[in-house]
Amino acid sequence: MKIKSLNTVLVFIVSIMFSITLFAKGLGGSWVLADTIGKPFEVHLEKDGSASGTHGDSMKHGTWEDKDGKAIIYWDTGWTTVITKEGSKYVKKAFKPGDSITDTPTNTSDAKRK
């Protein structure tokens with residue numbers, strides 16, 4: 001009986017480690033982006049789907065999803081930010097409220113993992 005319990009605990013620990021590894025390799029985590037004048041700010045994408053940022057009131061709180069290899073961030077203000085890999089680098093595209101992510105972005109900049 002003790003061996004069964006130990007195996008259960010080991011499977012649980014390995015599952016958690018696997019989940020953390022997938023999150024670290026995915027788009028979640030902390031990013032450094034640039035605004036329309038090139039000023040850097042940070043965005044944090046959490047495992048629970050919440051997002052936070054340091055770019056004033058327009059990017060403080062929101063939610064995000066990994067869709068087709070893109071981090072799509074929906075800010076409470078209506079702005080949308082997309083982080084995607086293009087070639088060997090990551091790029092941020094910002095869309096104003098009411099625009100679709102298939103429209104021309106309001107701003108584009110490099111995106112770097114922190």
Side-chain angles (χ1 to χ4, degrees):
M1 188 66 161
K2 287 183 181 185
I3 291 177
K4 249 185 173 179
S5 296
L6 180 59
N7 284 340
T8 302
V9 169
L10 288 174
V11 167
F12 178 73
I13 291 170
V14 168
S15 296
I16 290 173
M17 291 172 63
F18 182 71
S19 296
I20 290 170
T21 301
L22 281 179
F23 180 73
K25 288 184 178 182
L27 295 166
S30 295
W31 292 86
V32 176
L33 312 176
D35 66 13
T36 55
I37 60 171
K39 182 179 176 187
F41 65 95
E42 292 182 23
V43 169
H44 307 283
L45 307 178
E46 304 297 335
K47 286 191 286 188
D48 66 359
S50 64
S52 62
T54 62
H55 190 265
D57 290 333
S58 64
M59 293 180 188
K60 251 187 190 173
H61 303 287
T63 60
W64 77 282
E65 65 179 333
D66 184 337
K67 187 171 183 180
D68 300 324
K70 300 174 184 176
I72 304 175
I73 309 161
Y74 307 98
W75 299 104
D76 292 349
T77 57
W79 281 84
T80 303
T81 301
V82 177
I83 300 173
T84 187
K85 190 166 189 178
E86 293 185 2
S88 61
K89 66 179 186 172
Y90 286 94
V91 174
K92 179 257 335 186
K93 296 178 182 179
F95 301 88
K96 66 184 176 196
D99 283 358
S100 166
I101 63 170
T102 58
D103 292 336
T104 301
T106 302
N107 173 262
T108 302
S109 69
D110 288 342
K112 298 184 193 264
R113 280 202 185 274
K114 185 171 177 191

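In this structure, Y90 and W31 have perpendicular ring planes: the angle between them is above 60°, well past the 30° mark.
Taking each heavy atom of T81 and W75 in turn, the nearest pair found is OG1-NE1, 2.9 Å. The two atoms that bring T108 and P105 nearest to each other are OG1-CG, 3.5 Å, heavy atoms only. Listed here is the closest heavy atom pair of K92 and A34: NZ-O, 2.7 Å. Residues L45 and L27 come closest through the heavy atom pair CD1-O, 3.4 Å. Considering all non-hydrogen atoms of both residues, F41 and D35 come closest at CE2-N, 3.6 Å. Residues W64 and A71 share a closest heavy-atom pair of CE3-CB, 4.0 Å.
From K60, atom NZ reaches atom OG1 of T54 across 10.0 Å, with rounding to the nearest 0.5 Å. In this structure, the separation between OG on S52 and CG on D76 is 11.0 Å, given to the nearest 0.5 Å. The structure places OG of S30 at 16.0 Å from NZ of K112, a figure rounded to the nearest 0.5 Å. One distance of note links OG1 of T77 with CE of M59; it measures 7.0 Å at 0.5 Å rounding.
Hydrophobic cluster membership of I101, counting Ile, Leu, Val, Met, Phe, Trp and Tyr whose side-chain heavy atoms lie under 4.5 Å apart directly or via other members: I72, Y74, V82, F95.
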For side-chain contact (heavy atoms from CB on, under 4.5 Å), just list the numbers for T106 and W79, CA-CA rounded to whole Å, side-chain angles, deciding distance to a tenth of an Å, and then say yes or no. CA-CA 10 Å; T106 302; W79 281 84; 4.0 Å; yes
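At least one side-chain heavy atom of I73 sits less than 4.5 Å from a side-chain heavy atom of V43. Counting heavy atoms from C-beta on, the side chains of L33 and I83 come closer than 4.5 Å.
Under the side-chain hydrogen bond (donor to acceptor under 3.5 Å, both in side chains) criterion, E86 pairs with K93, not counting sequence neighbours.
Side-chain atoms of D68 do not come within 3.5 Å of backbone N or O of K70 as any donor-acceptor pair.
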